[in-house]
Amino acid sequence: MKIRRHDKIRELISKYEIETQEELAERLNMEGFNVTQATISRDIRELKLTKLPNGKGRQCYTLMKKEEDEMKDKFIRIFCDGYVSMDMAQNILVIKTVSGLAMAVAAALDGLHFPQVVGTIAGDDTIMCAVRSVEDTVSLMKEIQKFVNTRSLNGNE
C-alpha cells in the first residue's frame, strides 16, 4: 500500500501545484487513499520532497530526484575511479582500491545506500564491508560488477 501511495504522491505533485500537506492529503483521499497528517509528513520525509518556488509567488512540493541521480553518478564515478578488485569471505566483502583512495571509495559505497551493507571500514587501499548475509554479499558483488563493467565499457577508466 505504501509503494502505491508513494507512486500516487509522485504523480500528484507532478500534475498539480501542491502547496501544503493538507492539500496533498485531500488529493490522496480523493484518489482512495485514507491518510492522516502524520502519514503525509512521513511520506514527504521518505520521498525527500522539498518545496520550490513555482514562479507565481508560491512554493510547491517537488521531487529532488535529479539531484539524487547526480549524486549517485558522482558516487559511482568515485567508486570506479578508485576500485581495483573485490573478493568475499562469508558475509564480508573486501574491496581493494588504488593506494590512498579506500576512504573515498568507502564513502562513495556508503553514499550509494546498498540495503545489503551494514557498514564499511577503510584503510589505505582496502575496505572491509560488513554485509547482512552470504547471499547478500554475492548479490552486492554482482551489482558492483555491473556498474564497474558499464563504466569501463563507456571508456571511463
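Owing to the predicted nature of the structure, the values given are computational and were not obtained by experimental measurement.
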Do [X] and [Y] pair up side chain to side chain, a donor and an acceptor below 3.5 Å, judged on atom types alone?
{"X": "Gln59", "Y": "Glu19", "answer": "no"}
{"X": "Gln90", "Y": "Thr137", "answer": "no"}
{"X": "Ser99", "Y": "Asp125", "answer": "no"}
{"X": "Thr126", "Y": "Lys96", "answer": "yes"}

[atom1] of [X] to [atom2] of [Y]: how many Å apart, nearest 0.5 Å?
{"X": "Ile9", "Y": "Ile44", "atom1": "CD1", "atom2": "CD1", "result": "7.0 Å"}
{"X": "Met1", "Y": "Thr39", "atom1": "CE", "atom2": "OG1", "result": "10.0 Å"}
{"X": "Ile18", "Y": "Arg58", "atom1": "CD1", "atom2": "CZ", "result": "11.0 Å"}
{"X": "Asp43", "Y": "Leu24", "atom1": "CG", "atom2": "CG", "result": "8.0 Å"}
{"X": "Leu47", "Y": "Tyr61", "atom1": "CG", "atom2": "OH", "result": "11.5 Å"}
{"X": "Ile76", "Y": "Asp81", "atom1": "CD1", "atom2": "CG", "result": "11.5 Å"}

Is it possible for you to say whether [X] and [Y] belong to one hydrophobic cluster, with membership spreading through side-chain heavy-atom contacts below 4.5 Å?
{"X": "Met88", "Y": "Tyr83", "result": "yes"}
{"X": "Val138", "Y": "Leu109", "result": "yes"}
{"X": "Met103", "Y": "Ile95", "result": "no"}
{"X": "Val131", "Y": "Ile92", "result": "no"}
{"X": "Val35", "Y": "Tyr16", "result": "yes"}

Candidates Thr120, Leu93, Val94 - the one meeting side-chain contact (heavy atoms from CB on, under 4.5 Å) with Met128 |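 Of the listed residues Thr120, Leu93, Val94, the side-chain contact (heavy atoms from CB on, under 4.5 Å) partner of Met128 is Val94.
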Salt bridge flag under 4.0 Å for residues [X] and [Y]:
{"X": "Lys2", "Y": "Glu46", "answer": "yes"}
{"X": "Asp7", "Y": "Arg4", "answer": "no"}
{"X": "Glu143", "Y": "Lys146", "answer": "no"}
{"X": "Glu31", "Y": "Arg27", "answer": "no"}

Heavy-atom count around Met86 CE within 6.0 Å, excluding the residue itself: above 12?
->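 More than 12 heavy atoms, drawn from other residues, nucleotides or ligands, come within 6.0 Å of this atom.
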With heavy-atom distances below 4.5 Å as the criterion, would you say the side chains of [X] and [Y] are in contact?
{"X": "Ile121", "Y": "Ile127", "result": "no"}
{"X": "Val148", "Y": "Cys80", "result": "yes"}
{"X": "Leu49", "Y": "Thr62", "result": "no"}
{"X": "Ser139", "Y": "Gln116", "result": "yes"}

Taking all atoms of both residues into account, what is the closest heavy-atom pair of [X] and [Y], and its distance?
{"X": "Thr20", "Y": "Glu23", "answer": "OG1-N, 2.9 Å"}
{"X": "Ala108", "Y": "Ile78", "answer": "CB-CG2, 3.9 Å"}
{"X": "Val84", "Y": "Val98", "answer": "CG2-N, 3.4 Å"}

Step-by-step side-chain contact (heavy atoms from CB on, under 4.5 Å) determination, Ser41 to Gln21 = CA-CA 7 Å; Ser41 182; Gln21 290 184 11; 4.0 Å; yes
Could you check whether the rings of Phe147 and Phe114 sit parallel, tilted or perpendicular, using 30° and 60° as the cut-offs?
->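 Ring orientation of Phe147 relative to Phe114: parallel.
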